[in-house]
Each structure stands twice: as C-alpha cells, then as structure tokens.
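These notes are about the structure you will find just below.
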Amino acid sequence: MNAPLRRVGVVVMILFGLLFANLNWIQAYKADEYRTSDYNGRVQVAEYDRKRGNIEVGGTAYALSKETGGELKYLRTYPQGEMYAHVLGWKPVNGSASGIERVENDFLAGTSDALIASRIKDMFTGDETGGGNVLLTLSKRAQETAFKQLNDNEVGAKKGAAVAIDPRTGAVQALVSMPSFDPNPLASHSSTEADRAYNALEKDKDRPLANRALAEVLPPGSTFKVVMAAAALENGVGQQTQIPAGPSYTAPGAGVPIKNAAPSICPESEVTLRDAVTESCNTGFAQLGVRLGAEKVKEKAKQFGFEQEDLTVGQNGDGGLPVAASRTGDMQNPDGSTDQAALAQSSIGQNNVRMTPLQGALIAAAVANNGSQMRPYLVKQLLGPDRTTVYDAAKPRELRRPVSSQVSADLRSMMQNVVKEGTGRRAAIDGYVVGGKTGTAQSGPNTPDHGWFIGFAMDKDGTPLSAVCVELEQAGSGGSAEAARIAGRIMAAAIADSGRR
C-alpha cells in the first residue's frame, strides 16, 4: 500500500474512532440528560400523562392542573395570575420552569425519589398517580394586601417590592414584586402563544419578569442606619450618648457636603444616638461612620447578611429561589487607604451600598427576634398525592446571630421611637408594638428617589409576629412614608391571618 492510501486509511480510522467515542459518550454519559430534557417531545407527552401536583397557600391551590382532553392531558393554570407570579413562577411545555415550579419540579411532577412508593404502586395498578403537592408559608391576607397596596399606592410608584417574614421562624408571609405578570400564557400548550407572551415580557422596559424582592439590589438609604446603630452600640455608644451632628458635614476628601433631608432635622452640633435614629440624622450617621471606620461598618453589615452569595429561599435548608447578595461596596482609595468621603456616604446607605428587600426584612426580623436571624423559607410542607406528609418545616433554623440580646433590645427601643415620634408614624398598628426605620435613597441625578421602610410588629408581651421590608422604586417625595404605611398594612394582615387579632 502506498503512502497516500495509508494516510487516508489512518484518517478514516481516526474518524471512526471519534464517532465511536462520541456514540459511547452520548449513550453512557448523556443519555439521562437527553431522556429527561425539557425539549424531548416524548418526555413532554409522558410528563403530561401524570397530573402535576398543586402549589397551595392556606388550603387553596394557586397553581394546579386541569384536564384538556388533548395529547397533553393537563394544562397548568394559575387562578390568581399576577398576585403570586414571582413566587410560583410558571411551568412551560418547552424550556425550564421558574419559581417554586422549578425548585420543586420533581416533587410536583411525581418523579421525586420521595414519591417512589406511589410509582411502584402504579406499576401494579396501571394508574398514573398524580404528582406531590407543595404547601407554602405565605399568608393569603398579607400577600393580597402587599400586592394591592404596591399596585395602587398613594405616590403612584409603578415598581417596587415587599417581603414579610415571621421573625421567630423565618417563614415568608408575603413576597411581591411589581410590576408583575400573568403566568398563564407562559404555560400555554401552544408554543407560539407561549413564546409570544414571553418575548413581550422580556421586551417590556419595566422588566416585569424581574424578581425585585429577591434578585434586585438598590441603595437602601437610611434603613442602613439600623446596621450603623448596631455597630455604634457595640463600640461604646449608648442610646443617650451624644454624637456629632449639625446641618451639614463634609467628610475629609469630599467635594460636596452631606446634608439632612430638612433644615429642622438635627441642626444642633450634637444629638443622642436615639434622636439621630428617630430623626434620621444624615450628618450624625455620616460622622459616626467615619469615626467607626470602614472595617467595622463592613463587618457589622456582613454579620447581618450582606455579602452572602449562596442564600436561597425554598425549603428550610439548601435549595430554593436564589437571592442576590447585598453589598456594602468599595470604601478604599487606590492606595489602599480608606476613602472617608465614600465611607460617610455609605454610612447613610448611599455610595455603593446595595440591598435586596429580603435583606431589609431579615435585618428587622433579627432585631425583633432578640438578635437571632432565622433562615427564610417558603415551603411549609410537601404532601404526597394521597395528602400524606413527606416533608414538614417543623424545625426552624437559625441563619446567624448578628447582634446580642442587649443590642437588639436597644435597637428595638429606638426603632419603636421612630414609629411613635419620628418618620415611621404611618406604620403604626393599633394594639401592637411596631418599630421601624424609613429610608430615602437617591436613584440618580435626574430621577426620583427610592422610598424604603423596614420594620417589625410585636404583641404587647413582646412576641415578634411579623417583620417587613417595603421598597418603592423611584417613588419621589413621600416615598418612605408611603412605604411605612404599606408595611403597617402588610404586617396587620399577617397578624390577622395568624389568628392573633
């Protein structure tokens, strides 16, 4: 055989070898992935032969499957449409699910290892037992209140979010992001209709698919002063300690002075820490931050949950809806020294400080719960097709303890004063002890400010019942007061749903 033929033969053998290797790779390693792919038509038909389980809140199904009589036997429907959309997500025929539909997909579809007994029974009976059911922690009243109040608020804000949690357990009582969307068209059996609906939402400039409660971060403004007050209390400052204040403060290296929201706020040269929290004194907290130093400010924020990369909200453990990390940002000069101008701005929740609404609720919850911050969760129970309990979130888990019981008591006292005498009066609930902190954060040079409120409600015996964060994006003047009002309504609804009222 001459040399050219030998070379051709070698090339052909190599190609056959690669083809054989690829075939074995597909059969041995990729088979399961291809077999269970969302884009495998046979998998889709088989999946829709089994009725998908419900996602329920308070005994009512808000994600359920209805018979169609077609090749795909069941259609996924969402009776409340927009109200629960960012929690439930949607289950499309093509592509991946989102929200709790994705997090608990195997259990809802009936393919989870936890439901193997049902599948074995089906082998003998020939039945197609439905998937498992997911029960959520949400309060119907709190969720409805949050949705309606955000959708029709007094300042006309079109974007925002609200999160309420039980400080004692971490159970999420409400989770709403606005604007919302109707998930029903996205679950249509018509790929054309589903794609059209999804593309329209993707192109919407208001980004209704974005989960602003969990996945979006914005400057928190003066709500960050709760973190600053905690750092101060741990470093020799008491509630009645005088701290520098005044009508304006220019940090070393800053070109623009920091001023208070109004001339009437802490114009005196010194105020107590308690009054600085109550009045929301920018100049006082800016100087306090410079005095404490960047390291202590950043560390205290981290202890409350800032910088956490892996937090999720689903079952009371790993897995769930991903939560964006809240950040304190850079406070250093290029040479490594502290940028005191940046530190002063960061100390009032500006500069590069960014926070999710969930993080705001967790801060308030830790203060209410004697310094213990519980792991947030949405899944209360998993029930099999026959309604037997497969999973029960009966044992709350502590996430961290950012402050001592004494510091948390001091913070509660000051935050209660904010609602009694300060900027958070509109959050008050008759018959309950309410504490909180408002926040107004600049959104840009020519855009309205964001309005924030974080807070908690307790009964008269000191039992924490609800903690909340409300954020109104670009709400403008009055945004923080309106956020406080909405927060009070949400907490009152959560309390009423719990039977404590």
Side-chain angles (χ1 to χ4, degrees), residues 36 38 46-66 74 76-80 83-92 96-123 127-140 142-143 165-166 168-175 183 187 211 214 310-323 358 374-399 497-498:
T36 59
D38 293 320
E47 181 180 10
Y48 282 82
D49 278 343
R50 177 183 284 114
K51 187 176 183 180
R52 190 174 177 85
N54 297 336
I55 305 178
E56 303 176 11
V57 175
T60 302
Y62 290 119
L64 65 156
S65 296
K66 294 183 177 180
Y74 297 98
R76 199 64 168 167
T77 62
Y78 305 92
Q80 284 292 332
M83 189 178 296
Y84 291 87
H86 287 97
V87 176
L88 303 179
W90 71 92
K91 178 65 175 72
S96 299
S98 68
I100 292 296
E101 291 276 31
R102 175 188 62 79
V103 172
E104 298 295 344
N105 180 64
D106 289 350
F107 193 81
L108 290 163
T111 58
S112 168
D113 290 345
L115 298 175
I116 191 170
S118 297
R119 295 200 298 277
I120 291 174
K121 184 186 71 173
D122 290 350
M123 292 173 58
D127 296 333
E128 283 285 356
T129 302
N133 305 288
V134 177
L135 277 58
L136 301 182
T137 61
L138 296 175
S139 154
K140 284 184 183 180
Q143 185 76 5
I165 60 180
D166 185 334
R168 297 163 296 177
T169 65
V172 177
Q173 298 166 328
L175 196 159
N211 190 331
L214 302 180
D310 59 352
L311 183 62
T312 58
V313 183
Q315 292 186 27
N316 199 350
D318 297 330
L321 306 181
V323 180
L358 176 69
M374 306 304 290
R375 178 179 291 277
Y377 66 97
L378 267 167
V379 177
K380 180 180 180 181
Q381 284 184 311
L382 298 180
L383 303 182
D386 58 357
R387 308 294 290 186
T388 56
T389 301
V390 176
Y391 164 81
D392 192 339
K395 295 181 179 179
R397 295 175 56 190
E398 186 177 76
L399 187 60
D497 232 8
S498 70

(request) Mind listing the closest non-hydrogen atom pair of Lys91 and Ala97 along with its distance? (result) CD-CB, 3.7 Å
(request) Over all heavy atoms of both residues, which pair between Gly89 and Pro183 is shortest? Give the atoms and the distance, please. (result) O-CB, 3.7 Å
(request) State, yes or no, whether a side-chain contact exists between Leu311 and Leu358 at a heavy-atom distance under 4.5 Å. (result) yes
(message) Could you report the tightest heavy-atom contact between Tyr48 and Pro92, atom names first, then the distance?
(response) OH-O, 3.8 Å
(message) Using a 3.5 Å distance criterion without hydrogens, assess whether the side chain of Ser112 forms a donor-acceptor pair with backbone atoms of Asp106.
(response) no
(message) Using side-chain heavy atoms (C-beta onward) and a distance below 4.5 Å, is Leu383 in contact with Asn54?
(response) no
(message) Any side-chain to backbone donor/acceptor pair from Gln315 onto Gly320? Under 3.5 Å, distance only.
(response) no
(request) Determine whether Thr169 and Asn316 make a side-chain contact, defined as any pair of heavy atoms from C-beta on separated by less than 4.5 Å. (result) no
(request) With the side chain counted from C-beta on, respond yes when Val390 and Phe107 share a heavy-atom pair under 4.5 Å apart, and no when they do not. (result) yes
(message) Checking side-chain polar atoms at under 3.5 Å, does Glu101 have a donor or acceptor matched by the opposite partner on Tyr78?
(response) yes
(message) Looking at every non-hydrogen atom in both residues, tell me the closest pair between Arg50 and Thr111 and how far apart they are.
(response) NH1-CG2, 4.3 Å
(message) Minimum heavy-atom separation for Leu115 and Gly132, please, with both atom names.
(response) CD1-N, 3.6 Å
(message) So which atom in Gly131 and which in Pro385 form the shortest heavy-atom distance, rounded to 0.1 Å?
(response) O-CG, 3.8 Å
(message) Please report the interatomic distance CG(Leu378) to CD(Glu104), rounded to the nearest 0.5 Å.
(response) 10.0 Å
(message) My understanding is that only one of Ile165, Thr137, Val172 makes a side-chain contact (heavy atoms from CB on, under 4.5 Å) with Val313; could you say which?
(response) Val172
(request) Answer whether the closest heavy-atom distance between the side chains of Leu108 and Arg76 falls below 4.5 Å. (result) yes
(request) Please say which of Lys140, Arg387, Lys380 ends up in a salt bridge (charged side-chain N to carboxylate O under 4.0 Å, His left out) with Glu56. (result) Arg387
(request) Could you walk me through whether Lys51 and Leu64 pass the side-chain contact (heavy atoms from CB on, under 4.5 Å) test, one step at a time? (result) CA-CA 9 Å; Lys51 187 176 183 180; Leu64 65 156; over 6 Å; no
(message) Side chains of Gln143 and Tyr84, heavy atoms from C-beta outward: is any pair under 4.5 Å?
(response) yes
(request) Kindly say whether Gly319 contributes a backbone atom to a donor-acceptor pair with the side chain of Thr312 at under 3.5 angstrom? (result) yes
